[in-house]
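Notes for the one structure printed next.
Side-chain atoms are counted along with the backbone in the values below, which use heavy atoms only and exclude waters and symmetry mates. Counting convention: from 1, in listed order, for ligands and their atoms alike.
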Amino acid sequence: MQNHKSAVQRNQALAKKSGEFLIGGDLRVTRLGFGAMRITGDGIWGEPAGRAEAVRVLRRAVELGINFIDTADSYGPGVSEEIIAEALHPYPNGLVIATKGGYVRPGPNQWVENGKPDHLRSACESSLRRLRLDRIDLYQLHRIDPKVPAEDQLGTLRDLQAQGKIKYIGLSEVSVRQIQHARTIVPIVSVQNRYSVTDRGSEDVLEYCEKEKMGFIPWFPLAAGRVSGSESPISRIAARWKASPSQLALAWLLVRSPVILPIPGTSRVEHLEENVAAAELKVDVNKWQELDRMLPAS
Ligand SMILES: NC(=O)c1ccc[n+]([C@@H]2O[C@H](COP(=O)([O-])OP(=O)(O)OC[C@H]3O[C@@H](n4cnc5c(N)ncnc54)[C@H](OP(=O)(O)O)[C@@H]3O)[C@@H](O)[C@H]2O)c1
C-alpha cells in the first residue's frame, strides 16, 4: 500500500472500494470524495501555482472513481469552482458537486461570514454560473452567520430549493443544537465539520448524523496535511500497517462510521493517487480496534 502505484494501475475505479452513501436518500456517491480547496493560491486566494496540475488532479480523481467533489464560492474566491468546470464540464453522469456560500473574502486567509439573504441569493447564482449548472446538488451554508437570524439564512436556502436552484441543503461547522434548530426550518441532509483521527472534537455531531442517517463530511481529514508528512504522529503505526500515514488516516475515517464522507484535498496527482489507495486498505475489525486505541486523538 505504501507503494500505491500498482493498486492505482490495477484498479482504475479504486475509489469505489470505499463504499457508497446516498446523500438525501438518493444521491449515490462513492464515500471517498475530493476536497477542491487546495486547487487555489496561497491563503486559498487567487490562482493555484499550477493550474494545469489542478486540472489533472480533478480529471484523475474522476478517473479513479471519485464522484463527490466539495468546493465553495469562497475558495479563490471563485477559482476552485471555475477550475472544476474547466476540468470536468460537461460533467459525467452521477458526478455530485457540493458547494457552499456564506463567506466573503477580503484577502488571503481572511474569511468573513455573510448570511444576509441578498448575499446568499447572489452567491448561489454565481456558483451556478461558474459551475455551469442549472441546479446545485448539495448547497452548504458555510457558516451560520451570528449577525443574521438563522431563520433568514436557512429560509433563503429553502426558497432557492423551492425555485429548483438547489437540490439538497447541508450545514458546516455546527453543533447538534444548531442542526436540530435548522431542521425545524428546512430539511438538512449533511453536516461538514472539522474532524480527523487526531481531531475528534465533533464526535457528538458525528453520532447525531449517524443516528439521523445524514452525511458527515469531515473537513481537514488529513489534519490539513499534519498527519501526512514524515513528522506525522501516526507514521510508526501506519508503517506497521504497510500504509502511508495519509492512507491510514483516511481508512480510519471510512471505518469509523458509514455516514462519513472524507474529502481529502490536494493540489498534486501523486498525493491524490496515494490518498485514493486508502479505499483498498482492508483491516480486520478486531485488529482495527487495537489500532484505534493506539492512535492519538485530541
Ligand atoms: N467547511 C469548512 O469550513 C471547510 C474548511 C476547510 C476545508 N474544507 C473542505 O475540506 C477539504 C479538505 O480539507 P483540506 O484540503 O484543507 O485539508 P486536508 O485534506 O486535511 O489536507 C490537505 C493538505 O494535505 C496535503 N496532502 C494531501 N494529501 C497528501 C499526501 N498524500 N501526502 C502529503 N501531503 C498531503 C495537501 O498538500 P498538497 O497539495 O501538497 O498535496 C494539503 O496541504 C477542503 O479541500 C475543502 O473542500 C471545508
Run the contact test for [X] against ligand 1 with a 4.0 Å cut-off on heavy atoms, strictly below, and give the result.
X      : result
Phe34  : no
Arg226 : no
His142 : yes
Gly229 : no
Gln140 : no

Self-check item: Side chains of Gln192 and Asp70, donor plus acceptor under 3.5 Å
Solution: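 Asp70 and Gln192 do have a side-chain donor-acceptor pair below 3.5 Å.
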Self-check item: ligand 1 to Ser267 polar contact by distance, N or O atoms, under 3.5 Å
Solution: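 There is such a contact, yes.
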Quiz item: Looking only at distance, does Pro264 have an N or O less than 3.5 Å from an N or O of ligand 1?
Solution: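 Looking only at distances, the answer is no, because the N/O contact criterion of under 3.5 Å is not met.
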Quiz item: Atoms of ligand 1 less than 4.0 Å from Glu274 heavy atoms?
Solution: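 Those of ligand 1 that fall under 4.0 Å from Glu274 are 31 (N).
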Exercise. Please identify which atoms of ligand 1 are closer than 4.0 Å to at least one heavy atom of Asp70.
Key: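 Here the atoms of ligand 1 in question are 9 (C), 46 (C), 47 (O).
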Quiz item: Do Phe21 and Phe68 have ring centres separated by under 6.0 Å?
Solution: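 Not close enough - the centres of the two rings lie 6.0 Å or further apart.
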Quiz item: How many angstroms lie between CG in Leu58 and CZ in Arg60, if you round to the nearest 0.5 Å?
Solution: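 One gets 13.0 Å once the value is rounded to the nearest 0.5 Å.
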